[in-house]
Amino acid sequence: MHDALESVVRNLPEDASSSHAARARSAYGMLTHVDEMLDAFFRHGPADHGTVLLDVFGFLQALFVGIDALYDLSIGLTSYKYHVNVNKNDTLRELKFIRNDIVGHPTHRTYHDGGTGFSVIVPGMVSKESLTYETYVYRKNAFDVERRDITFRTLHAQYAKEKDQIILDLVRYMDKRHAATGLSDLVFRLFETLNLELLQKVKQDFMTVFGLEKGSKNRFL
């Protein structure tokens, strides 16, 4: 499937009035780099503590950058991020918090409710397989310690699953994007009638036209 995506990206037209093609090429290149880094993480055997920490930091940052690249690939190819909805994946949604806790802002995080947090890797609980850390969270008149256990292969498997499905959906979309589908007329009729049966037809036709499978996280659905 990556070969099909490479062909799509390579054949994007040059257009000085739009940055979308450059955005898609940048995202595709970074996704390739991320795959190489993640594969290298699991290939390399045990090492000294400092090297393990360096590898773990690189692994978490690579996953974070990979997710950003998926959004930018979708925007670069389609002008929208409808094909990407990582927050529907509980593991990857949690990854954003893990990365910020450990790699982004471990010594001082602020939260939307006004709280602050300080994260510490539990001594002896970091390896190429897993990581355990604690975050000391201070909120108004409250204090808590949140403990997280991370398994790196689980994170990698969920990322790979989401990435492959997004790429598949994007390639199918690019193949069909100029086809006459009748979907716009159906959506306009839905806007006028607010008919539940018509809503279901729009959804099913959209999935059929663009080859989306049941459970797709496409934002349109």
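Start at 1 with the first residue, then count along the sequence. Any value given below was found using the heavy atoms of this structure, including those in side chains, with hydrogens, waters and symmetry copies removed.
Every residue two or more places apart in sequence or in another chain that forms a side-chain hydrogen bond (donor to acceptor under 3.5 Å, both in side chains) with Glu162 is listed here: Asn89, Lys217. The side-chain hydrogen bond (donor to acceptor under 3.5 Å, both in side chains) search around Arg147 returns Glu134, not counting sequence neighbours. The side-chain hydrogen bond (donor to acceptor under 3.5 Å, both in side chains) check on Thr51 picks up Asp48, with sequence neighbours excluded. The salt bridge (Lys or Arg N to Asp or Glu O under 4.0 Å) search around Arg93 returns Asp90, not counting sequence neighbours. Every side-chain hydrogen bond (donor to acceptor under 3.5 Å, both in side chains) that Arg25 has, sequence neighbours left out, goes to Glu14. Judged as a salt bridge (Lys or Arg N to Asp or Glu O under 4.0 Å), and not counting sequence neighbours, the contacts of Asp113 are Arg139. For Lys201, the salt bridge (Lys or Arg N to Asp or Glu O under 4.0 Å) partners at least two apart in sequence or on another chain are Asp205. Scanning for salt bridge (Lys or Arg N to Asp or Glu O under 4.0 Å) contacts around Glu146 gives an empty result, with sequence neighbours left out.
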Side chains of residues 94-104: which donor-acceptor partners sit under 3.5 Å, not counting sequence neighbours?
| residue | atom | partner | partner atom | Å |
| --- | --- | --- | --- | --- |
| Glu94 | OE2 | Arg148 | NE | 2.4 |
| Glu94 | OE2 | Arg148 | NH2 | 3.1 |
| Lys96 | NZ | Asn87 | OD1 | 2.8 |
| Arg99 | NE | Gln61 | OE1 | 3.0 |
| Arg99 | NH2 | Gln61 | OE1 | 3.3 |
| Asn100 | ND2 | Lys96 | O | 3.3 |
| Asp101 | OD1 | Arg109 | NH1 | 2.7 |
| Asp101 | OD2 | Tyr133 | OH | 2.6 |
| Asp101 | OD2 | Arg148 | NH1 | 2.9 |

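Residues Val137 make up the rest of the hydrophobic cluster containing Tyr111, defined by ILVMFWY side-chain heavy atoms closer than 4.5 Å, directly or through other members. Other cluster members for Tyr136: Phe118, Val120, Tyr138, Phe143, Val145, joined by side-chain heavy-atom distances under 4.5 Å among Ile, Leu, Val, Met, Phe, Trp and Tyr. The hydrophobic cluster around Leu54 extends to none of the other residues, as no ILVMFWY side-chain heavy atom falls under 4.5 Å of it.
For the residue pair Leu12 and Ala24, the shortest heavy atom distance occurs at CD1-CB, 3.7 Å.
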Does the side chain to side chain contact (heavy atoms under 4.5 Å, CB included) test come out yes or no for Leu53 and Ile121, once each step is laid out? CA-CA 10 Å; Leu53 284 172; Ile121 296 174; 3.9 Å; yes

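Residues Ser130 and Thr151 have side chains that never bring a donor and an acceptor to within less than 3.5 angstrom of each other.
Side chains of Arg219 and Lys81 form a contact here, defined as non-hydrogen atoms less than 4.5 Å apart.
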